Amino acid sequence: MRLIIDSHLDLAWNALAWKRDLTLPLGDMNAAEADFHDSPARSRATVSLPEMRAGGVAVALATLMARYAPVTPDLDPLIASLNHRTQDIAYGVARGQLAYYEALAARNEVALIQTKHELLAHWQQWVEAAATDRLPIGLILAMEGCDAIVDPSQTQHWFDLGLRVASLVHYGRSAYAVGTGQEGPLSPRGRKMLQAFQQAGILLDVTHLCDQSFAEAMDCYDGPLLASHNNCRALVPGQ
């Protein structure tokens, strides 16, 4: 089997906001949503931990995702579950998502990977395994939009908790940058956040940055980066 690293999966959000038991076989998980009508995506999930094992997904960048953004009654309730009125609330939600991953790790469903040594050892375990159906899936913590980092000075705290990859923004405006759907610059706090990423050793994910914020980030950030889930404009026009 050819092994795969999935560079972006919102596993904790699916579990905590969508109430999905990701340890179930995919068919069982979708069947459990047959009577839910809050989103057209119900009963159409494509990811569960057994499905990942069957597909040879040995490692995934698993997100922590909580936005400091307006909470309005017109939002789809599942999308609205991403938005929070303060960064302190976003921090608490992201810590809860981390606790979910830790609970999965305690049951050996996943392995939380923080170092190069841990990654190589985990990968070798999968390479040498006769079967993958009982192996833990390696998770590298990634934050999509970093509103849950309440201040740049808190970055080292998150690194100590295991965070290794982060982006500045998701959709719209965050405390630190402007993302998909809008246009604008990095905030002064966003520039300080990039410095904090470099000092802590957190990779910058440039996905969702609008053009101006992306260009400014490239001008002031010298650390390692990746684009985890976006396409080039030749294939997909627009943001």
Side-chain angles (χ1 to χ4, degrees), residues 2-18 20 22-23 45-67 82 90 93-105 109-127 132 135-149 155 158-171 174 176-177 179-180 193-194 196-198 200-209 214 217 221 223-231:
R2 177 176 294 177
L3 300 184
I4 294 169
I5 297 177
D6 191 312
S7 65
H8 181 82
L9 284 175
D10 299 324
L11 297 175
W13 179 54
N14 269 263
L16 301 186
W18 292 66
R20 286 173 168 165
L22 300 183
T23 67
T46 59
V47 176
S48 70
L49 299 183
E51 198 76 7
M52 292 169 69
R53 292 188 185 98
V57 180
V59 176
L61 273 64
T63 64
L64 306 171
M65 188 163 57
R67 302 188 300 214
L82 293 169
V93 170
R95 285 298 300 267
Q97 293 170 351
L98 173 56
Y100 172 69
Y101 292 136
E102 291 171 340
L104 290 179
E109 293 281 354
V110 305
L112 296 175
I113 294 173
Q114 298 186 15
T115 69
K116 175 182 176 180
H117 173 76
E118 291 171 353
L119 177 59
L120 293 175
H122 175 84
W123 192 262
Q124 194 62 32
Q125 179 187 16
W126 274 68
V127 168
T132 63
L135 290 179
I137 297 167
L139 299 186
I140 299 171
L141 291 181
M143 190 175 283
E144 181 159 36
C146 61
D147 288 333
I149 306 177
T155 302
W158 274 107
F159 183 88
D160 294 341
L161 290 171
L163 184 67
R164 293 297 179 265
V165 178
S167 60
L168 291 177
V169 65
H170 191 214
Y171 283 80
S174 76
Y176 302 110
T180 303
M193 184 65 79
L194 291 179
F197 282 1
Q198 280 188 230
I202 291 176
L203 279 72
L204 171 64
D205 186 349
V206 299
T207 305
H208 284 297
L209 284 168
F214 170 81
Y221 177 78
L225 57 86
L226 78 160
S228 67
H229 60 292
N230 55 279
N231 274 300

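Remember, predicted model here, so these are calculated numbers, not experimental data.
Rounding to the nearest 0.5 Å places CZ of Arg67 at 9.0 Å from CG of Asp147. Summarising the geometry, atom CG belonging to Leu49 is positioned 8.0 Å from atom CG belonging to Leu139; distances are rounded to the nearest 0.5 Å. Atoms CG and CG, from Leu163 and Leu203 in turn, are 10.0 Å apart once rounded to the nearest 0.5 Å. From Leu161, atom CG reaches atom CE of Met143 across 9.0 Å, with rounding to the nearest 0.5 Å. To the nearest 0.5 angstrom, Gln114 atom CD is 12.0 Å from Leu119 atom CG.
Under the side chain to side chain contact (heavy atoms under 4.5 Å, CB included) criterion, Tyr221 pairs with Leu194, Phe197, Gln198, Leu204, Pro224, Leu225, not counting sequence neighbours. By the side chain to side chain contact (heavy atoms under 4.5 Å, CB included) test, Leu16 pairs with Gln97, Tyr100, sequence neighbours left out. Remark: His208 pairs with His170, Tyr171, His229 by the ring-ring contact (aromatic ring centres under 6.0 Å, His included) rule, at least two apart or across chains. Under the rule for a side chain to side chain donor-acceptor pair (under 3.5 Å), the partners of Asp10 that lie at least two apart in sequence or sit in another chain are His8, Thr63. In this structure Asp205 satisfies the side chain to side chain donor-acceptor pair (under 3.5 Å) test together with Thr207, Ser228, sequence neighbours excluded. Every residue was checked against the side chain to side chain contact (heavy atoms under 4.5 Å, CB included) condition with Thr46, not counting sequence neighbours, and none meets it. With sequence neighbours excluded, the residues satisfying side chain to side chain donor-acceptor pair (under 3.5 Å) with Arg53 are Glu109. When the side chain to side chain donor-acceptor pair (under 3.5 Å) test is applied to Trp13, the partners found at least two apart in sequence or on another chain are Ser81. Phe159 pairs by the side chain to side chain contact (heavy atoms under 4.5 Å, CB included) definition with Gln156, Arg164, Ala200, Ile202, not counting sequence neighbours.
Side-chain atoms of Tyr101 come within 3.5 Å of backbone N or O of Ala12 as a donor-acceptor pair. Although no hydrogens or angles enter the test, the distance criterion places no donor-acceptor pair under 3.5 Å between the side chain of Thr132 and the main chain of Leu135. At distances below 3.5 Å, at least one donor-acceptor pair connects side-chain atoms of Ser167 with backbone N or O atoms of Gly145.
Here the closest non-hydrogen pair linking Ile149 and Tyr176 is O-OH, 2.5 Å. Residue Gly138 comes nearest to Ile113 through the heavy atom pair CA-CD1, 3.7 Å, listed as atom of the first residue, atom of the second, then distance. Heavy atoms only, all atoms of each residue included: Ala58 and Trp123 are closest at CB-CZ3, 3.8 Å. Between Pro136 and His122, the shortest heavy-atom contact is O-CE1, 3.1 Å. For the pair Ala66 and Ala94, the tightest heavy-atom approach, listed with the atom from each and the gap, is CB-N, 4.4 Å. Leu11 and Leu22 get closest at one heavy-atom pair: O-CD1, 3.3 Å.
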Please test Asn14 against Leu9 for side chain to side chain contact (heavy atoms under 4.5 Å, CB included), starting from the C-alpha separation and ending with a verdict.
-> CA-CA 9 Å; Asn14 269 263; Leu9 284 175; over 6 Å; no
After noting the C-alpha distance and the side-chain angles of Phe214 and Leu168, does the key distance pass the side chain to side chain contact (heavy atoms under 4.5 Å, CB included) rule?
-> CA-CA 10 Å; Phe214 170 81; Leu168 291 177; over 6 Å; no
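Contact annotation: the side chain of Trp126 approaches that of Ile137 to within less than 4.5 Å [non-hydrogen atoms, C-beta and beyond]. Between Val57 and Val47, the closest side-chain pair of non-hydrogen atoms is not below 4.5 Å.
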